[in-house]
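Working notes for the structure below.
Predicted, not measured: the structure shown is a model, and the values here were computed from it.
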Amino acid sequence: MGFSGEITVPKPPSPWLYVGVFIIGLLIGGGSVYGYILYRERKREEELTHLRSDEEKILAMLREGPILQSELADKLGVSKAKVSIILREMEEKGLITRVKEGRTYRVFLRE
């Protein structure tokens, strides 16, 4: 009762198999990185477009008269932090002026 067959050692795979797997890995990895870069760039452009539309909405509200920063957040339906960021950028561009009033700011359209 034993093994009566001949023992054969399997032949090692060709080195070209390893080269092929390596190249396929590089292509998949490179494609993933490229796809991520495109995704990030599109997202950044979308955010800039969205910010511009928010700035236009704020400017339209300010044409009716000065408004409190906290009221802007409520009317736009966004967080107070986002409104603060948008207003700071608008102030740096010279579009608006903010004057401290209690715990908030009153926002004026610059002429």
Atom OH of Y105 and atom OG of S84: how far apart are they, to the nearest 0.5 Å?
7.5 Å
CD1/I85 to CG/D54 distance, rounded to the nearest 0.5 angstrom?
11.5 Å
When rounded to the nearest 0.5 angstrom, what is the spacing between OH in Y18 and CD1 in I23?
15.0 Å
Would you indicate whether the side-chain heavy atoms of L95 and L109 approach each other to under 4.5 Å?
no
Nearest heavy-atom contact between V99 and F108 is CG2-CE1, 3.7 Å
Is there a path of hydrophobic side-chain contacts, each under 4.5 Å between heavy atoms of I/L/V/M/F/W/Y residues, joining L27 to L17?
no
Here the gap from Y36 atom OH to E41 atom CD, rounded to the nearest 0.5 Å, amounts to 12.5 Å
Report yes if the side chains of R98 and R88 come closer than 4.5 Å at any heavy-atom pair, otherwise no.
yes
Side-chain contact test, heavy atoms from C-beta onward, threshold under 4.5 Å: evaluate it for K93 versus E55 and give yes or no.
yes
Taking the side chain as C-beta and beyond, is there a heavy-atom pair between V107 and L68 under 4.5 Å?
no
What's the spacing between I58 CD1 and I96 CD1 if we round to 0.5 Å?
7.0 Å
Taking side chain as C-beta onward, heavy atoms only, is K57 less than 4.5 Å from L72?
no
Out of curiosity, K100 NZ to Q69 CD, how far, rounded to the nearest 0.5 Å?
8.5 Å
Using only atom types and a distance under 3.5 Å, with no angle test, would you say the side chain of S32 pairs donor to acceptor with the backbone of I28?
yes
Determine whether I67 and R106 make a side-chain contact, defined as any pair of heavy atoms from C-beta on separated by less than 4.5 Å.
no
Salt bridge E91-R110, side-chain N to carboxylate O under 4.0 Å
no
